[in-house]
Amino acid sequence: MSTAKKINLLTEGQVADMFGVDQSTLRRWRYDGCGPHFIRLGSNIRYRHEDIEDHLMSHRHQSTYEYYQGVEL
């Protein structure tokens with residue numbers, strides 16, 4: 001009997017809706033390497049829930065001062 005774990009992947013449209021951006025923005029982020037990690041399955045792009053959460057958490061800041069530390073303006 002197989003005990004394979006089901007992986008629930010999100011589509012590009014679902015992630016775009018979560019972030020409130022167009023799918024073209026996600027495509028640009030992928031190209032620029034600044035968006036969440038993704039999985040390519042043939043011509044399909046999918047995202048893991050964990051990668052979306054990790055991406056969001058990596059952009060957390062407590063103050064604007066903290067955000068601009070080390071950022072060259």
Side-chain angles (χ1 to χ4, degrees):
M1 182 186 286
S2 174
T3 59
K5 179 180 176 184
K6 181 180 177 186
I7 300 173
N8 188 15
L9 300 174
L10 299 167
T11 66
E12 186 179 47
Q14 289 171 316
V15 174
D17 288 344
M18 288 173 71
F19 286 138
V21 298
D22 289 332
Q23 290 184 32
S24 61
T25 300
L26 283 179
R27 292 180 192 121
R28 188 177 71 247
W29 290 351
R30 283 197 307 273
Y31 181 82
D32 292 342
C34 63
H37 289 102
F38 62 94
I39 298 169
R40 180 179 298 277
L41 300 170
S43 62
N44 298 304
I45 300 296
R46 296 293 183 264
Y47 295 86
R48 294 182 330 143
H49 288 273
E50 297 87 355
D51 292 332
I52 299 302
E53 185 173 331
D54 289 347
H55 179 74
L56 290 172
M57 297 307 285
S58 74
H59 286 79
R60 282 182 63 202
H61 302 284
Q62 191 158 357
S63 70
T64 53
Y65 176 79
E66 174 190 318
Y67 173 79
Y68 287 112
Q69 288 294 79
V71 174
E72 196 171 312
L73 299 176

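All values below were derived from every heavy atom in this structure, side-chain atoms included, with hydrogens, water molecules and symmetry-related copies excluded.
By the 4.5 Å heavy-atom criterion applied to side chains, L9 and L41 are counted as neighbours. Looking at L26 and Y47, their side chains come closer than 4.5 Å, going by heavy atoms from C-beta outward.
Taking NE2 from H55 and CZ from F19, the interatomic distance works out to 5.0 Å, rounded to the nearest 0.5 Å.
Sorted by first and then second residue, the salt bridge (charged side-chain N to carboxylate O under 4.0 Å, His left out) pairs with a member in residues 12-23 read E12-R27, E12-R30; sequence neighbours excluded. Screening residues 49-59 for salt bridge (charged side-chain N to carboxylate O under 4.0 Å, His left out) gives R48-D51 as the qualifying pairs, with residues at least two apart or on separate chains.
Open room surrounds NE2 on H37; 12 or fewer heavy atoms of other groups in view lie less than 6.0 Å from it.
For T11, the side-chain hydrogen bond (donor to acceptor under 3.5 Å, both in side chains) partners at least two apart in sequence or on another chain are Q14.
Under a hydrophobic-cluster definition in which Ile, Leu, Val, Met, Phe, Trp and Tyr are linked whenever side-chain heavy atoms come within less than 4.5 Å, directly or via other members, V21 and M18 are assigned to the same cluster.
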